[in-house]
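One structure is given here, and the rest of the page talks about it.
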Amino acid sequence: MSIRWSLVIPVKTLVAAKTRLAAATGPHRTRLAVAVACDTVTAALACPPVARVIVVTADPAAAGPLGALGADVVTDPDRGLNTALRTGAAHAVRLAPGDAVGALQADLPALRPAELATALTAASEFDQSFVPDALDIGTTFYGVRPGLPFEPRFGGESRIKHLGGGAKELRLDGIDSLRRDVDTPDDLRAAVALGLGRHTAAVVAELWPAGPPTR
């Protein structure tokens with residue numbers, strides 16, 4: 001029997017989101033952040049192994065659109081990213097104690113459901129595992145099998161932190177969209193090359209008809 005997953009997606013208060021894109025986006029930064037989160041949630045909900053998506057946020061401007069997509073929205077206690085993830089994970093375990101729990105970054109605008117499914121299938125084989133970001137510095141996904149301690153170590157050089165915590169690094173072919181988080185204009189251009197989800201694509205087409213800036 002295949003393992004089902006609850007995925008927890010943390011969404012920052014939008015005034016603090018995507019600060020490294022501020023110069024490029026100007027007053028539209030929060031619009032872009034919401035669009036990116038919407039595409040991440042949409043892809044996750046369309047992934048067959050995913051039973052539910054739990055968004056943890058303190059921002060009503062994000063909670064409304066993401067809840068409308070079908071995510072279960074939980075209030076962020078505002079004590080840091082890993083605390084937010086543990087809050088969402090505890091909610092997930094109350095809802096479905098027999099499902100695996102994963103943390104997924106909210107800034108994956110090119111995410112493909114099939115690529116996420118590939119990673120979740122691999123993650124099901126290990127007690128705890130993670131997917132590194134495209135730069136091999138951070139982490140885009142961390143997950144644990146049902147009933148096991150959920151111990152995310154996001155922030156800074158989280159790849160090393162997750163390795164140090166004993167999580168299995170998932171080095172898989174064909175999951176580029178899962179590894180491509182977006183923090184800078186260059187990241188956004190790379191995501192455009194992979195193919196954006198419809199929410200982000202609409203904002204990008206409006207702001208930059210010729211493509212995102214390079215800096």
Side-chain angles (χ1 to χ4, degrees), residues 3-19 33-34 36-38 40-41 43-45 47 49-64 66-67 69-108 111 116 119-120 122-133 137-170 178-179 181 183:
I3 290 178
R4 288 162 57 86
W5 286 83
S6 297
L7 290 188
V8 181
I9 299 179
V11 178
K12 291 180 182 177
T13 300
L14 295 176
V15 70
K18 300 294 153 224
T19 53
V34 170
V36 168
C38 281
T40 304
V41 167
L45 287 168
C47 179
V50 176
R52 66 196 54 80
V53 169
I54 296 161
V55 166
V56 185
T57 188
D59 197 322
L66 297 173
L69 292 173
D72 186 356
V73 179
V74 174
T75 301
D76 187 344
D78 197 24
R79 294 197 298 272
L81 175 57
N82 291 306
T83 298
L85 289 169
R86 288 191 292 269
T87 298
H91 182 72
V93 170
R94 287 193 294 271
L95 290 176
D99 288 356
V101 179
L104 187 67
Q105 292 282 39
D107 55 354
L108 300 167
L111 184 62
L116 177 58
L120 294 179
S124 298
E125 301 298 319
F126 301 98
D127 285 353
Q128 61 169 339
S129 59
F130 72 98
V131 172
D133 66 11
I137 296 172
T139 303
T140 60
F141 165 83
Y142 165 80
V144 299
R145 287 169 55 86
L148 295 176
F150 181 78
E151 298 175 339
R153 294 173 169 85
F154 286 85
E157 296 183 353
S158 60
R159 173 180 176 268
I160 294 298
K161 295 176 187 177
H162 283 122
L163 281 172
K168 171 68 175 179
E169 183 173 29
L170 300 178
L178 175 57
R179 299 186 65 191
D181 56 340
D183 290 311

Task: Considering all heavy atoms, the nearest A51-R4 contact - done: CB-NH2, 3.1 Å

Task: Side-chain donor/acceptor of K12 to backbone N/O of A33, under 3.5 Å - done: no

TODO: Could you tell me which non-hydrogen atom of L178 sits nearest to which non-hydrogen atom of L108, and how far apart they are?
DONE: O-CD2, 3.4 Å

Open item on the list: Working note: F150 + V93, criterion side-chain contact (heavy atoms from CB on, under 4.5 Å); need CA distance, chi angles, decisive distance, verdict.
Closed with: CA-CA 10 Å; F150 181 78; V93 170; over 6 Å; no

- [ ] Taking the side chain as every heavy atom from C-beta outward, state whether Q128 and V144 have any pair of such atoms under 4.5 Å apart.
- [x] yes

Task: Distance-minimising heavy-atom pair for C47 and L120 - done: SG-CD1, 4.0 Å

Counting only pairs under 3.5 Å, give me each side-chain donor-acceptor contact of residues 84-91, with atom names and distances, residues two or more places apart or in other chains.
residue, atom, partner, partner atom, Å
R86, NH2, T83, OG1, 3.3
T87, OG1, T83, O, 2.9
H91, NE2, D72, OD2, 2.8

Task: Shortest non-hydrogen separation from Y142 to H162 and the atoms involved - done: CD1-CD2, 3.6 Å

Task: Nearest atoms (heavy-atom pairs only) where P132 meets E169 - done: CG-OE2, 3.4 Å

Open item on the list: In the structure I gave you, are the side-chain heavy atoms of W5 and S124 within less than 4.5 Å of one another anywhere?
Closed with: yes

- [ ] Hey, could you give me the CD1/OG distance between I54 and S6, rounded to the nearest 0.5 Å?
- [x] 5.0 Å

Open item on the list: Within this structure, what is the CG-CZ distance for the pair D127 and R145, rounded to the nearest 0.5 Å?
Closed with: 6.5 Å

Task: Beyond-backbone contact of V41 with V11, side-chain heavy atoms, under 4.5 angstrom - done: no

Open item on the list: Does any part of the side chain of P10, heavy atoms only, come nearer than 4.5 Å to the side chain of D76, both counted from C-beta?
Closed with: no

All N/O donor-acceptor pairs, side-chain side in residues 96-105, below 3.5 Å, sequence neighbours left out:
residue, atom, partner, partner atom, Å
D99, OD2, R52, NH1, 2.7
Q105, NE2, T139, O, 3.4

Task: Residue pair T40 / A106: nearest heavy atoms and the distance that separates them - done: OG1-O, 2.9 Å

- [ ] With rounding to the nearest 0.5 Å, note down the distance linking CG in L163 to CD in E157.
- [x] 11.5 Å

Open item on the list: Would the distance check show the side chain of S129 and the main-chain N or O of K168 forming a donor-acceptor pair, the cut-off being under 3.5 Å?
Closed with: no

